[in-house]
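Take a look at the structure set out below.
Values reported hereafter were calculated over all heavy atoms of this structure, with side chains retained and with hydrogens, waters and symmetry mates removed. Every chain is numbered from 1, with letters handed out A, B, ... down the list of sequences.
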2 protein chains.
Amino acid sequence: MATDPDPGTPAAPRARERSTRQFEAVRDELARGDDFRSAQDIHASLGARGTAVGLATVYRALQTLADSGAADSLRSPAGQAVYRVCGQVHHHHLVCRSCGRTVEVQGLAVERWAEKTAGANGFSDVEHTVELTGTCTPCRTTSS
Amino acid sequence: MATDPDPGTPAAPRARERSTRQFEAVRDELARGDDFRSAQDIHASLGARGTAVGLATVYRALQTLADSGAADSLRSPAGQAVYRVCGQVHHHHLVCRSCGRTVEVQGLAVERWAEKTAGANGFSDVEHTVELTGTCTPCRTTSS
DNA sequence: TGCCATACTGATAACGATTCTCATTTTCAG
DNA sequence: CTGAAAATGAGAATCGTTATCAGTATGGCA
């Protein structure tokens, strides 16, 4: 092997250095709506719009976006990764388990709790992930 | 094709009618811990324990359990479906991003916030997932 | 402006998780 | 005990996602 020339930045393969039509296309398509969309979906929409972009490239672009914080990603109950453009404001998601409708929520309470709890256990530089899942009003009345 | 003889119950294949060693084994294995576990994991544990159960059967049992409300299920960030017996003491995890050390934490504050936030948005039957990631004291002093 | 190293793309193979198929085994009512 | 039907399990089939790798295009530089 004798791998690892390791110039000093061991694990940072995620930094776009050139701008391309394809990457912009994916970014734009994602920004076109504010809902969570799957890679396959984006790929299809792009194709339908005439701006064909390879599926692999869509996956890469989406990952890069999520990685740089420009997009949020999570797993749909069906098991697909879904992405959405993300505002700068830190927030969490409240997702309907039935229709998938998503609401952005914020909570000073959680933020504080996270800080406090972590600190109390000797942890620093805390990040947190919070997912709320429930049934929204329309779905509740419909299905029962 | 002339398909669909349709005897009258088109979509209700989810009702266990006979009890079997395999189903019990899966149920027990899941109950043995109170964490979320993947089907593959359960299958492996079962095998290691000498109580071999087919992978397909594990998947079926887990689905049936989740379906009947005896288990909770969600998708891990890795994209796997994970299951947990319902009715355990609810807690969250504080994980060190460096050494992987995990601390179980509880927080009335989050629980309340989750309830309140969901309710305010018209959601009911709320579940929540919280993950805290940070750097623990030993790791902080070591690496810097 | 033209050249070149190399980042990016895209078709396709590889992969891992989950579901489906179907022959065989097991359960349970009579 | 017997038979019909449920349940199992090994392996094939799916499906979403990632890895490969040769070809293309971008941006720095002469």
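Atom pair His43(B):NE2 and dT8(D):C1' shows a separation of 12 Å (rounding to whole Å applied). Rounded to a whole Å, the CG atom of Leu62(B) is 14 Å from the P atom of dG9(D). Rounded to whole Å, the distance from CG on Asp67(A) to P on dT18(D) is 12 Å. Distance, Arg37(A) CZ to dT17(D) C1': 18 Å, rounded to whole Å. The separation between Arg16(B) atom CZ and dT26(C) atom C1' is 12 Å, rounded to whole Å. The interatomic distance linking Leu74(A) (CG) with dT17(D) (P) rounds to 12 Å, in whole Å. If you measure from atom CD1 of Ile42(B) to atom C1' of dG9(D), you get 18 Å, rounded to the nearest angstrom. One atom, CG of Asp41(A), and another, C1' of dT17(D), lie 16 Å apart when rounded to the nearest Å.
Side-chain atoms of Arg32(B) and Ser45(B) form no donor-acceptor pair, as typed in the model, at a separation below 3.5 Å.
In terms of phosphate contacts, Ser19(A) brings no side-chain nitrogen or oxygen within less than 4.0 Å of OP1 or OP2 of dA7(C).
The cluster map of Ile, Leu, Val, Met, Phe, Trp and Tyr, joined by side-chain heavy atoms under 4.5 Å apart, puts Leu30(A) and Leu46(A) in the same cluster.
Ring planes of His92(B) and His128(B): tilted class, angle from 30 to 60°.
Counting all heavy atoms, side chain and backbone alike, Asn121(A) lies closest to Val103(B) at OD1-CG1, 3.6 Å. Between Gly54(A) and His43(A) the shortest heavy-atom distance is C-CD2, 4.0 Å.
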Protein-nucleotides 10-20 of chain C N/O pairs closer than 3.5 Å?
from: dG10(C); atom 1: OP1; to: Gln22(A); atom 2: NE2; distance (Å): 3.2
from: dG10(C); atom 1: OP2; to: Gly54(A); atom 2: N; distance (Å): 3.0
from: dG10(C); atom 1: OP2; to: Thr57(A); atom 2: OG1; distance (Å): 3.0
from: dG10(C); atom 1: N7; to: Arg60(A); atom 2: NH2; distance (Å): 2.4
from: dG10(C); atom 1: O6; to: Arg60(A); atom 2: NH1; distance (Å): 3.2
from: dT18(C); atom 1: OP1; to: Ala81(B); atom 2: N; distance (Å): 2.6
from: dT18(C); atom 1: OP2; to: Tyr59(B); atom 2: OH; distance (Å): 2.4
from: dT18(C); atom 1: O5'; to: Tyr59(B); atom 2: OH; distance (Å): 3.3
from: dT19(C); atom 1: OP1; to: Gln63(B); atom 2: NE2; distance (Å): 2.8
from: dT19(C); atom 1: OP2; to: Gln63(B); atom 2: NE2; distance (Å): 2.7

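Considering only the side chain of Arg18(B), dT27(C) comes nearest among dT27(C), dA7(C), dT9(C).
For the atom pair CG (Asp67(B)) and CZ (Arg16(B)), the distance works out to 11.5 Å, reported to the nearest 0.5 Å.
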